[in-house]
There are 2 protein chains.
Amino acid sequence: MTHRVLVVDDDPTVAEVVASYLDRAGFTVDRAADGPAALARAAAERPDLVVLDLMLPGLDGLEVCRKLRDEGPVAVIMLTARADEDDRVLGLEVGADDYVTKPFSPRELVLRVESVLRRTTARAPSGPLLRGGSISLDPAARRAAQGDVELSLTIREFDLLAYFLRHPGRAHRREELMRRVWGWQFGDLSTVTVHVRRLREKIETDPATPTLITTVWGVGYRFDPPPDPDTSPHPPRTPDRPEQDPPL
Amino acid sequence: MTHRVLVVDDDPTVAEVVASYLDRAGFTVDRAADGPAALARAAAERPDLVVLDLMLPGLDGLEVCRKLRDEGPVAVIMLTARADEDDRVLGLEVGADDYVTKPFSPRELVLRVESVLRRTTARAPSGPLLRGGSISLDPAARRAAQGDVELSLTIREFDLLAYFLRHPGRAHRREELMRRVWGWQFGDLSTVTVHVRRLREKIETDPATPTLITTVWGVGYRFDPPPDPDTSPHPPRTPDRPEQDPPL
DNA sequence: TCGGATTCTTACGAAACGCGGACGGCGGGC
DNA sequence: GCCCGCCGTCCGCGTTTCGTAAGAATCCGA
């Protein structure tokens, strides 16, 4: 994973040193000496991160930062001459991801670049998604969506749907669902029935004739991922280990 | 330049070994066995750096760290038992400069102490910024801003917001927040509720209908970074630790 | 076609939950 | 010492959700 970094400094010596360190650290490095040049290079190269001197001839560093941010997703590390409180506030305001005060060691700068990139590229808000047909479900975020519309599910409905998505194309007896979703060994099985119905009400286009969660008569329910072009067109295989169920 | 280092650990053996290594490395070493003692020694000796066990009898290590920081500029290296990512996050949130996971080699600890001291004495304290939507937060400086207005947050509110910013788009149970932010294993969970409400009061445009910190019914809360141009429209996958969902 | 078993649908009471408001304690600053 | 901000706790209220019951509808085998 080779990241692109743009170094913006009007001092050729500083830029040279920083660039060479970053280059040796394995980054693809680009350079610019002033604000307009920086914006041009950024537009052309779409860097992942910009090391930006706060003091620039022509355009102000803060202004450049703002414009960069307007262009698209890019991390910014500010270089500021003074360890001044006001500069830090300014950096905060324009949303720099980090800042380094001069004088600084190039080694430290490299570390910060790596740190910021690790942070920003890993800025993945959600976890592994469960998918089935047009339905997607994020267990960590606890949100579910059908197509582009968010589903508002209760806890039980959410857990139930999650279980179905994890075990598609398989019939589940009510006892099993009660045990796996509710965590109860006993309990009124009609509870399962009712919750399946409530879930159907929210995800089936016609709850009266369900196509996603079908009834397996005398057994229980089965979640059938619809034949979507982007899911496997072959008969659904069950990726999970066979379930041994104590006889009712 | 001989630096003063304070070693805080309730295990006499650990404290002894660490202290002797640091002593041989040329540092002036002081020791304390628990939180209150640590604060007392720190107030008296004004050390340059504190090696702090996260697990302490009496006062929590994080709390001690906070109080130390309130006293004045001091570097902190955390000792944490578990190599847990979230512990690291916690340590960094309260502003630890580095952390070492047990078991560790005393030699490595000495290296880190030297490294941190080199770093902290060389420049003014600054740190990476956390961002989420229009909110930016600087853990080291302990300041937060929304857009260009500074937020005046209390300690708890700050730590809570910091935790949310580090884990955006994920649902957090109250127990989890209590553990990660407060550092308590038990405690009245309504405390979390109240602080979330107070935080909302300060960052939500309409606290009655929150959009940043949303309630996940029956679960807890989730920080939803508003649709920023710099986050992808569809949630990408994450390197985050997989989550096992307790079926309740 | 008939009958029993199974599932669907609806409704309702109870419990759980979140929220807002308020209160007392504690510690720091004046 | 006194005041003020922060924190943790508690209480009442409105809302959401859950589990169960009961009647209607459906399915399958005889």
Side-chain angles (χ1 to χ4, degrees), chain A residues 142 144 151-161 171-175 177-179 181-202 204 206-222 248, chain B residues 35-36 39 43 59-60 62-64 66-72 142 144 151-161 171-175 177-179 181-202 204 206-211 213-222 247-248:
Chain A
R142 288 232 142 224
L151 291 171
S152 93
L153 303 177
T154 70
I155 305 184
R156 292 277 131 90
E157 290 160 1
F158 187 92
D159 291 340
L160 187 57
L161 180 57
H172 308 283
R173 274 175 289 112
R174 286 179 177 73
E175 297 88 339
L177 292 171
M178 181 113 267
R179 206 153 33 81
V181 178
W182 273 257
W184 300 346
Q185 202 71 17
F186 54 94
D188 190 345
L189 294 183
S190 68
T191 296
V192 177
T193 309
V194 171
H195 276 87
V196 166
R197 175 184 140 17
R198 286 171 181 158
L199 183 54
R200 277 173 171 166
E201 200 73 35
K202 296 189 179 178
E204 298 279 0
D206 178 15
T209 59
T211 58
L212 294 170
I213 303 176
T214 54
T215 301
V216 184
W217 229 88
V219 180
Y221 301 99
R222 180 183 58 224
L248 87 124
Chain B
L39 292 175
L59 262 183
D60 186 275
L62 294 174
E63 196 61 33
V64 173
R66 253 194 293 265
K67 286 187 188 299
L68 282 173
R69 290 242 172 241
D70 288 343
E71 292 301 312
R142 289 235 138 220
L151 290 171
S152 87
L153 302 178
T154 69
I155 298 178
R156 293 292 192 235
E157 290 160 1
F158 187 92
D159 291 341
L160 187 57
L161 180 58
H172 307 282
R173 277 172 278 112
R174 284 180 177 73
E175 297 87 342
L177 293 171
M178 183 110 263
R179 204 154 30 86
V181 178
W182 274 257
W184 301 345
Q185 199 71 16
F186 53 93
D188 191 346
L189 295 183
S190 66
T191 296
V192 177
T193 310
V194 171
H195 277 86
V196 165
R197 194 210 328 161
R198 288 170 180 160
L199 182 54
R200 276 172 171 167
E201 205 71 37
K202 296 189 178 178
E204 298 280 358
D206 178 14
T209 60
T211 57
I213 303 176
T214 53
T215 301
V216 185
W217 230 90
V219 180
Y221 301 97
R222 180 182 56 222
L248 184 98

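Below, read A as the first sequence line, B as the second, and so on, with proteins coming before strands; counting in each chain starts at 1.
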TODO: Check for a donor-acceptor pair, side chain of B:E204 on one end and backbone N or O of B:T209 on the other, with a separation under 3.5 Å.
DONE: no
Task: Within-4.5 Å side-chain heavy-atom neighbours: B:I213 and B:H172 - done: no
Open item on the list: Are A:M178 and A:F186 packed together at the side-chain level, in the sense that at least one heavy-atom pair is separated by less than 4.5 angstrom?
Closed with: no
Task: Contact interval (first through last nucleotide) of DNA chain D with protein chain A, 4.0 Å heavy-atom - done: D:dT17 to D:dC27
Open item on the list: Check this one for me: any side-chain N or O of A:R200 less than 4.0 Å away from OP1 or OP2 of C:dC8?
Closed with: yes
Open item on the list: Does A:V219 reach a base, just sugar-phosphate, or nothing at all? Heavy atoms under 4.0 Å.
Closed with: sugar-phosphate
Task: Whichever of A:E157 and B:L189 has its nearest DNA chain D nucleotide further upstream toward 5' - done: B:L189
Task: Most 5' of B:Y221 and A:P210 on DNA chain C, judged by nearest nucleotide - done: A:P210
TODO: Return yes if the base of C:dG21 and the side-chain atoms of B:R197 contain a donor-acceptor N/O pair under 3.5 Å, otherwise no.
DONE: yes
- [ ] Decide yes or no for B:K202 and B:T154: does some side-chain heavy atom of the first lie under 4.5 Å from some side-chain heavy atom of the second?
- [x] yes
Open item on the list: So that I can tick it off, tell me whether A:E201 and A:R197 are bridged by a salt bridge, with the cut-off set at under 4.0 angstrom between side-chain N and carboxylate O.
Closed with: yes
- [ ] Between B:W184 and A:R198, just flag the one whose closest nucleotide in DNA chain D comes earlier from the 5' side.
- [x] B:W184
TODO: State, with a plain yes or no, whether a side-chain heavy atom of A:L151 is found less than 4.5 Å away from one of A:F158.
DONE: no
Open item on the list: Taking the nucleotide of DNA chain C with the nearest heavy atom to each, does B:R174 or A:R174 sit closer to the 5' end?
Closed with: A:R174
- [ ] Answer yes if the side chains of B:T191 and B:D188 hold a donor-acceptor pair under 3.5 Å, and no otherwise.
- [x] no
Task: Length of the line joining B:D188:CG and C:dC17:P, which is rounded to integer Å - done: 14 Å
- [ ] Assign A:T215 to base, sugar-phosphate, or nothing according to its heavy-atom contacts below 4.0 angstrom with the strands shown.
- [x] sugar-phosphate
- [ ] Looking at every strand, decide which applies to B:R156 at a 4.0 Å heavy-atom threshold: base, sugar-phosphate, or nothing.
- [x] sugar-phosphate
Task: Whole angstrom value for the distance that separates C1' of C:dC8 from CD1 of A:I213 - done: 14 Å
- [ ] Round to a whole Å and report the spacing from CZ of B:R173 to C1' of C:dA16.
- [x] 17 Å
Task: Length of the line joining B:H195:NE2 and C:dC19:P, which is rounded to integer Å - done: 15 Å
